[in-house]
Amino acid sequence: MKVELLSALNDTNVDAAQSSNQRQLAISISSLANELDQSLPLNLCLMLDKSGSMHGEPMKTVIQAVEQLLAQLNPGDRISIVAFAGTAEVIIPNQIVKDPESIKSQLHKKLKAGGGTVIAEGLSLGITELLKGTKGAVSQAFLLTDGRGDNGLKIWKWQIGPNDHKRCLELAQKATRVNLTINTFGFGNDWNQDLLEKIADAGGGTLAYIERPEQAVNQFSRLFKRIQSVGLTNAHLLISLVPGVRLAELKPIAQVAPETIELPVEIEANGSFIVRLGDLMKDVERVVLANIYLGQLPEGEQVIGHIQVRYDDPAENKEGLFSPLLPIYAHISKTYQPAVNPQVLQSILVLAKYRQTQIAEAKLSQGDRAGAVTMLQTAAKTALQIGDTNAATVLQVSATRLQAGEELTESDRKKTRIVSKTILRE
């Protein structure tokens, strides 16, 4: 297994006469497998909401989805299952799957709906279970909930009782530090899209939307296939820039494929930048977009920086491996002629679609309906430019409803969020 690293500027040519030139740097990261590479063992934890609202058909379909996953696990894979409502409990402790039928029996016996929704309790227990089986494995979680969690009671500036949302985000960041990835599933229409997106984004996971109970099996299966394809883990992108070249100050780096995620950046002691990527899937391209500014540089072909990936290879039981150092080039010229890269332009538009939708949501929450309509229409046009017709339809429908004086349903809002990040899957 090896890492392939490629880079390209949206315009390789740079005007030497300008004191500041903005460029978008697209970085492609892939985990390339050869014929002898085998699938890594999985360490999977399912954190399942068993609150009262999950009673009946929702719980039945979730159990079906879990049973299907159990049937797809390979020898050596590990499973743990945590259920949460007002409190949380471990239904299936972390273990190598040897007797799927026994696990199914325990699932049916113990997963009974009832009580409130405190997501952080389930997240905390789930992380604890995952940490029992991380050695040599791909450690990921599925967190499913149909609720919003509990904010606790706040009187003036004092927090009375636990803030579930704050604890969830703290736990998601903790999971990231110990090389765990959490994927989130919003079930129905009453879940908190901001919270579940932030939990998933924190560790490079995926946010999925189960609008109707019958979609649970397909959504679980889709994400399960993704984690089965992981080849390398704990990947970090390292970026160093030469003097005179800098990162933008506001939202400098974002992932644009396979989903759009704003990525936090840390600065190393030597002045280079580090961005956590998490797990890398085999033969699936991860694309990161960096917003950089170039000052005045000498004429000719210039190295403006270097990129590298640090990663772990569980199959070889090796940690802290490095891909070859890759230089980034720009052509500095007094006779500037644009040399636009259409693939990088596509990535820029993908990110624009996401950010335009975010602005629309912010304007709507502020009561600026006309502003929200304008931004949703703009996002729909951007989606069409990149050939994402499904997203364009969803975004335009939301804009049209707002323009007609209607309120967006919870389903409308959640579909809008999902298509802003990726292609909506039915």
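Excluded from the calculations below are hydrogen atoms, water molecules and symmetry mates; all remaining heavy atoms, backbone and side chain alike, are included.
- Using modelled atom types and a 3.5 Å distance limit, the side chains of H108 and E67 yield a donor-acceptor pair.
- Residues V82 and C45 form a side-chain contact, since some pair of their non-hydrogen atoms from C-beta on lies under 4.5 Å apart.
- In this pair, F142 and F220 present their aromatic rings perpendicular. The plane angle is above 60°, beyond the 30 to 60° band.
- Comment: D312 does not engage K318 in a salt bridge, judged by the lack of any side-chain N to carboxylate O separation of less than 4.0 angstrom.
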Before giving the answer on side chain to side chain contact (heavy atoms under 4.5 Å, CB included), spell out for S221 and Q72 the whole-Å C-alpha distance, their side-chain angles and the decisive distance to 0.1 Å. CA-CA 9 Å; S221 180; Q72 297 178 70; 4.2 Å; yes
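- You'll find the side chain of V62 reaches within 4.5 Å of the side chain of F187, heavy atoms only.
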Residue pair L195, L169: steps toward the side chain to side chain contact (heavy atoms under 4.5 Å, CB included) verdict: CA-CA 8 Å; L195 178 64; L169 297 179; 4.1 Å; yes
(message) Pair R78, N43 - check side chain to side chain donor-acceptor pair (under 3.5 Å), show working.
(response) CA-CA 5 Å; R78 306 184 72 93; N43 176 33; 4.5 Å; no
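- Of the options D313, V309, L321, a side chain to side chain contact (heavy atoms under 4.5 Å, CB included) to V3 is made by V309 and by none of the others.
- Ionic pairing of E410 and R417 is not present here: no N-O contact between side-chain nitrogen and carboxylate oxygen is shorter than 4.0 angstrom.
- The main-chain N or O of Q215 is never found under 3.5 Å from a side-chain atom of N218 such that the two would form a donor-acceptor pair.
- No side-chain N or O of N390 forms a donor-acceptor pair with one of T393 less than 3.5 Å apart.
- When atom types are taken as modelled, the side chain of T12 and the backbone of A8 share no donor-acceptor pair closer than 3.5 angstrom.
- Side chains of I304 and Y329 form no contact here, defined as non-hydrogen atoms less than 4.5 Å apart.
- Not counting sequence neighbours, Y354 has no partner by the ring pair (Phe, Tyr, Trp, His ring centres under 6.0 Å) test.
- R369 has a carboxylate O that lies under 4.0 Å from a charged side-chain N of E407, or vice versa, which qualifies the two as a salt bridge.
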Verdict with supporting geometry, V230 and T181, side chain to side chain contact (heavy atoms under 4.5 Å, CB included): CA-CA 12 Å; V230 169; T181 298; over 6 Å; no
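- Side chains of Q356 and T382: a donor on one and an acceptor on the other come within 3.5 Å.
- Looking only at distances, no side-chain donor or acceptor of S30 sits under 3.5 Å from a matching main-chain atom of L32.
- Using a 4.5 Å cut-off on side-chain heavy atoms (C-beta onward), M47 and E129 make no contact.
- For the pair S124 (side chain) and E121 (backbone), a donor-acceptor distance under 3.5 Å is absent.
- A distance of 12.0 Å separates CD1 of I267 from CD1 of I274, quoted to the nearest 0.5 Å.
- Here the side chain of T357 pairs a donor or acceptor atom with the backbone of K353 at under 3.5 angstrom.
- In this structure, the side chain of Q219 does not engage the main chain of A216 through any donor-acceptor pair within 3.5 Å.
- Under the 4.0 Å criterion applied to side-chain N and carboxylate O atoms, E361 and R413 are not assigned as salt-bridge partners.
- Taking each heavy atom of V256 and V350 in turn, the nearest pair found is O-CG1, 3.6 Å.
- Checked by atom type and distance alone, the side chain of D49 pairs as donor or acceptor with a backbone atom of D146 at under 3.5 Å.
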query = Can you check side chain to side chain contact (heavy atoms under 4.5 Å, CB included) on N179 and D279, steps first, answer last?
reply = CA-CA 9 Å; N179 196 22; D279 295 338; 4.2 Å; yes
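- With hydrogens and angles ignored, the 3.5 Å screen pairs no side-chain donor or acceptor of D201 with any backbone N or O of K198.
- Taking all atoms of both residues into account, the shortest heavy-atom contact from L130 to L44 is CD2-C, 4.1 Å.
- S411 has its side chain within reach of E211: a pair of non-hydrogen atoms, C-beta onward, lies under 4.5 Å apart.
- Under the salt bridge (Lys or Arg N to Asp or Glu O under 4.0 Å) criterion, the residue pairs touching residues 83-102 are K50-E89, E101-K104, with sequence neighbours excluded.
- Residues Q24 and N291 have side chains that bring a donor and an acceptor to within less than 3.5 angstrom of each other.
- In terms of modelled atom types and a separation under 3.5 Å, the side chain of T176 and the main chain of A172 share a donor-acceptor contact.
- Tested against V284, the residues M281, R286, K282 include a single side chain to side chain contact (heavy atoms under 4.5 Å, CB included) partner, M281.
- Side-chain polar atoms of E285 and S28 form a donor-acceptor pair below 3.5 angstrom.
- No donor-acceptor contact under 3.5 angstrom links the side chains of S39 and Q228, judged on distance only.
- At a threshold of 4.5 Å between non-hydrogen side-chain atoms, the residues I239 and L247 do not count as touching.
- Remark: side-chain polar atoms of R276 are not paired, donor with acceptor, to backbone N or O of A235 under 3.5 angstrom.
- Ring centers of W191 and Y209: under 6.0 Å apart, within the cut-off.
- A donor atom on one side chain and an acceptor atom on the other are found under 3.5 Å apart for S398 and T416.
- Other residues, nucleotides and ligands contribute at most 12 non-hydrogen atoms within 6.0 Å of the CD atom of E319.
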